[in-house]
Amino acid sequence: MTGVRRSSLHIVAGLAPALFVTMAVAQVEVGGDVTSQVSSVNPQRSTLGVTPSDFLQQQKELHDWLVTQTPIDSETVTISVGITDADRADIAAPTGEMTPMRVGVVKAISPAINFKTARDGRGNNGKSTTTTIADGGSVWVTNVSSPGAVSLRVHFENVSLPANAELYFFNDNGEAYGPYVGTGPNDDGDFWSNSLMGSAGTVMLRTFGTMRGADRPSFRITEVAHIATDFPKPAAQGGIAAFCAYNDTCVENNSCVNEPAVNDAEGAVAKMRWISGAFVNICSGGLIADTDGSTEIPYFLTANHCINKGKDAKNLEAYFQYSIACGSTACAGGFDPAPSPSTLGASVTTTNTTGDFSLLTLNQTPPAGSVYLGWNSTPIAFTEGADLHRVAHPSGAPQAYSHHQVDTTSTTCQSWPRGERIYSNDIFGATEGGSSGSPVVNSAGQVVGQLSGCCGFNCGNVCDTASNSTVDGAFAAYFSQVEPYLNPAGCTPSAEVCDDGADNDCDGDVDCNDADCSGDPACSCTPSAEVCDDGADNDCDGATDCNDSDCTGDPACAGCTLAPVGASCVLDSDCCSNKCRGRSGNKTCK
C-alpha cells in the first residue's frame with residue numbers, strides 16, 4: 001500500500017454584497033462540566049479585492065505605460081537561460097510519496113545581473129541598458145528569456161530601492177507586475193517576481209529624479225524559474241478524457257456539474273504554484289473562514305506535504321477563478337486565455353504532518369467575489385457513506401469536480417490512521433497530482449479535511465476505484481491546532497489529549513505537563529538506571545545524561561562543566577548533554 005500525492009484550484013461565482021458568519025455551538029462535557037464549543041462555521045463571502053475585469057484593466061494600463069518608458073534599443077539586451085534534457089527528465093520524474101507535483105525548474109543566471117555594475121549600461125557584458133528620462137529620472141532594462149517555457153519568474157536578491165525607484169516585470173503579451181519597492185514584498189530584500197506567461201520578460205527599474213551615493217538603488221537578478229508545463233505527463237490510461245487531454249479519463253470538468261455543495265468552493269479554491277529548492281511545484285488549497293465576521297483575514301488551507309516552510313510560502317502564487325466552460329478544450333498551459341487574478345506571497349500560520357495540514361495566511365487580498373469556506377469540526381472519518389465533495393486542479397487543469405463517500409472498512413496505509421485521516425471511495429470524478437491540499441467539503445459545503453493522496457494497490461491508475469482509496473487529512477483531528485486562528489474568540493475547552501501538542505482543556509498546560517495526563521500511557525515513565533549519553537531521562541527524575549546527579553563521575557561526563565539544559569551554548573561540547581541546538585546566536589543546551 002502506498003500514499004501518492006494529488007492537487008487543486010477554481011473560479012468564483014460573482015461579487016456578493018455581504019459578509020456573513022453563522023456558528024453552530026455544541027455542548028461538550030469536559031471533566032464533568034458542560035461547556036459550549038464552536039463546531040461549525042458557515043462561509044464568508046468577500047467584500048474586498050479587485051474584480052477579474054478590473055484586474056485585466058489594471059494590467060493593460062500598467063503595461064501600456066511601461067511600453068512608453070522602454071528604451072528603443074532594449075531588445076538588444078537579453079539574458080537567455082536554457083534548460084537541458086536532464087532538467088526536463090527531473091521535472092517529469094516520479095517524486096515519490098507525499099511530495100508535490102513538479103512543473104518547472106530553477107536555473108541560475110551566470111554571471112548574475114548586478115545593478116551596482118549594470119546601472120550605467122556598461123556592466124554585465126552589455127546585458128542591460130540605461131536611458132535618461134526628460135523628467136530627470138532614468139530607465140534601466142534587461143530582458144530575460146528561457147526558450148520553451150510556458151511561464152517564467154525571476155529571483156531578486158539584495159534589493160534596496162529608495163522611495164523614488166520602482167521595479168517592474170512585464171512581457172509583450174500585455175502582462176505587467178509591480179511596482180516592487182523598498183526591500184521588496186517580503187521586506188527582506190529577497191523575493192521572486194510574479195509569473196509571466198510565455199518564455200520572455202523584461203525587468204525595468206524606473207527612477208524619478210536624481211539619485212546619488214547611498215540613495216542609489218541596488219539589486220541582483222540571480223535565477224530564472226522555468227515553468228516547463230502545468231501538465232508534465234499525458235493521460236496515463238489513454239482513451240478519451242472527460243476533461244483536458246492530459247487528464248485521466250475519469251477526471252471531470254467542474255463546469256459540467258451542478259452540485260450545490262461546491263458552490264462556495266468554486267470561489268475559495270486556488271491553484272498554488274511556488275518554488276522550493278531547484279523546482280517549481282503545484283498543489284491546491286482554499287480560503288477558510290474564521291469566526292470573527294468583522295475581518296477578512298486571508299487564511300488559506302492546504303496540505304503540509306505541499307508547503308510547510310516559510311521560505312516556500314513567501315514566494316507562493318495562488319491563482320483564483322481559473323476554470324473553462326463545459327465542453328471547452330482550451331486546456332493550454334499557463335492560464336489561457338488571459339491571466340487569472342492571483343496573490344503573491346504567504347506565511348505559515350500553523351502546520352503539522354499529523355493530519356497533513358498547513359494553514360497559511362496570504363500576503364495579499366484575494367480577488368473580489370472570493371469565498372472563505374465554512375468548516376465543521378465534528379469527526380466524519382467513521383461515518384460510513386457520508387458524502388464528500390471537492391474542486392481541485394488535477395495535473396494543473398482548470399477546476400475539476402469529484403464526489404466521494406466515506407469508507408470505514410478499507411485497509412489503511414501505514415502512518416495514516418483512520419480518524420486522523422478520512423478514507424473514501426471515488427463515486428464520480430477523480431484527483432491527480434496537483435490536487436494535493438484541495439479542501440474536501442461535506443454536503444453542506446463545510447470543510448472537513450484536505451487531500452493527502454491515494455492509499456491502495458494501484459495508485460498509478462487514479463481511475464481504479466476498486467483498488468484505491470482517496471485519503472484526506474481530517475479537520476476534526478487537528479482542529480485544536482487551527483482553532484486559535486479560526487475561532488479567535490478564545491479557547492473552547494475539550495478533554496485534554498496528551499500527545500497532540502495542544503492545550504485542549506484551556507488550562508495553560510500542554511500534554512504531559514497537564515495534571516489531567518497523570519497516568520496517561522503517553523506520559524508514563526518506567527524508571528531504570530540512568531544512561532549518561534543517550535539523551536533520555538531513564539530514571540524518570542526530570543534530568544537527562546550529565547545533568548543527572550547519578551552521572552557524576554561517569555566517563556561520559558568527565559570534564560563536564562555541567563551547563564544545564566536551557567543554558568546558552570555555542571558548541572555541543574559546551575553542554576553536559578552534548579546537545580547544543582537552535583539558531584546561530586540563540587543556541588541552548590537540550
Side-chain angles (χ1 to χ4, degrees), residues 6-16 20-21 40-46 49 52 243 251-272 283-290 296 298-303 306 318-324 326 340-341 343 357 359-360 362 366-376 380 386-394 397-405 422 424 426-432 434-452 470 472-475 486:
R6 312 226 180 141
S7 254
S8 122
L9 164 65
H10 185 69
I11 189 170
V12 85
L15 178 62
F20 60 92
V21 178
S40 65
V41 172
N42 284 333
Q44 302 174 21
R45 193 166 292 275
S46 176
F243 196 10
V251 174
E252 300 286 345
N253 185 350
N254 182 71
S255 296
C256 298
V257 177
N258 181 20
E259 173 49 61
V262 297
N263 285 348
D264 293 324
E266 292 173 355
V269 175
K271 175 176 177 176
M272 302 165 59
C283 270
S284 302
L287 297 167
I288 188 167
D290 63 75
E296 291 188 34
Y299 289 129
F300 188 85
L301 182 67
T302 187
C306 291
Y319 290 85
F320 293 85
Q321 306 184 21
Y322 175 47
S323 68
I324 59 172
C326 182
S340 298
T343 61
F357 80 93
L359 182 66
L360 311 180
L362 301 180
S370 295
V371 177
Y372 294 82
L373 284 170
W375 44 262
N376 195 312
I380 197 172
D387 288 307
L388 304 174
H389 307 269
R390 184 192 320 277
V391 291
H393 289 273
Q399 188 179 38
Y401 168 79
S402 55
H403 173 206
H404 319 266
Q405 288 183 340
I422 304 168
S424 63
D426 293 354
I427 303 302
F428 179 80
T431 58
E432 292 179 319
S435 300
S436 288
S438 54
V440 67
V441 300
N442 59 19
S443 294
Q446 299 167 323
V447 174
V448 293
Q450 76 293 318
L451 185 64
S452 288
T470 295
D472 289 272
F475 186 79
L486 303 185

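Note: hydrogens, waters and symmetry copies are ignored here, and every other heavy atom, side chains too, is used.
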Gap between atom [atom2] of [Y] and atom [atom1] of [X] - 0.5 Å precision:
X      : Y      : atom1 : atom2 : result
Ser370 : Arg45  : OG    : CZ    : 9.5 Å
Gln44  : Asp264 : CD    : CG    : 11.0 Å
Ser438 : Leu301 : OG    : CG    : 10.0 Å
Phe475 : Ile288 : CZ    : CD1   : 4.5 Å

- Message: Just to verify, what does Glu259 make a side chain to side chain contact (heavy atoms under 4.5 Å, CB included) with, not counting sequence neighbours?
- Response: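 For Glu259, the residues satisfying side chain to side chain contact (heavy atoms under 4.5 Å, CB included) (neighbours in sequence not counted) are Val257, Ala261, Val262, His389, Tyr401.
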- Task: Kindly indicate whether the side chain of Asp472, heavy atoms from C-beta on, has any atom under 4.5 Å from the side chain of Arg390.
- Result: yes
- Query: Do the non-hydrogen side-chain atoms of Leu287 and Pro366 ever get within less than 4.5 Å of each other?
  - Reply: yes
- Does the pair Val41 and Gln446 meet the rule for a side-chain contact (heavy atoms from CB on, under 4.5 Å), with working shown? CA-CA 8 Å; Val41 172; Gln446 299 167 323; over 6 Å; no
Provide the closest heavy-atom pair for [X] versus [Y] in the form atom of the first, atom of the second, distance.
X      : Y      : value
Pro298 : Tyr372 : CA-CE2, 3.6 Å
Asn253 : Cys326 : ND2-CA, 3.8 Å
Thr470 : Leu451 : CG2-CD1, 3.6 Å
Leu486 : Trp375 : O-CZ2, 3.7 Å
Val269 : Phe320 : O-CD2, 4.1 Å
Ser402 : Ala430 : CB-N, 3.8 Å

- Test log, rule side-chain contact (heavy atoms from CB on, under 4.5 Å), inputs Leu388 and Ile380: CA-CA 10 Å; Leu388 304 174; Ile380 197 172; 4.0 Å; yes
- Could you walk me through whether Tyr299 and Leu359 pass side-chain contact (heavy atoms from CB on, under 4.5 Å), step by step? CA-CA 7 Å; Tyr299 289 129; Leu359 182 66; 4.0 Å; yes
- Task: Using modelled atom types only, decide if a donor and an acceptor are shared between the side chain of Gln450 and the backbone of Gly285 within a distance under 3.5 Å.
- Result: no
- Partners passing side-chain hydrogen bond (donor to acceptor under 3.5 Å, both in side chains) against Asp387 (at least two apart in sequence or in another chain):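 Applying side-chain hydrogen bond (donor to acceptor under 3.5 Å, both in side chains) to Asp387 gives His403, Gln405.
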- Message: List the residues meeting side-chain hydrogen bond (donor to acceptor under 3.5 Å, both in side chains) with Thr302, not counting sequence neighbours, and say none if there are none.
- Response: none
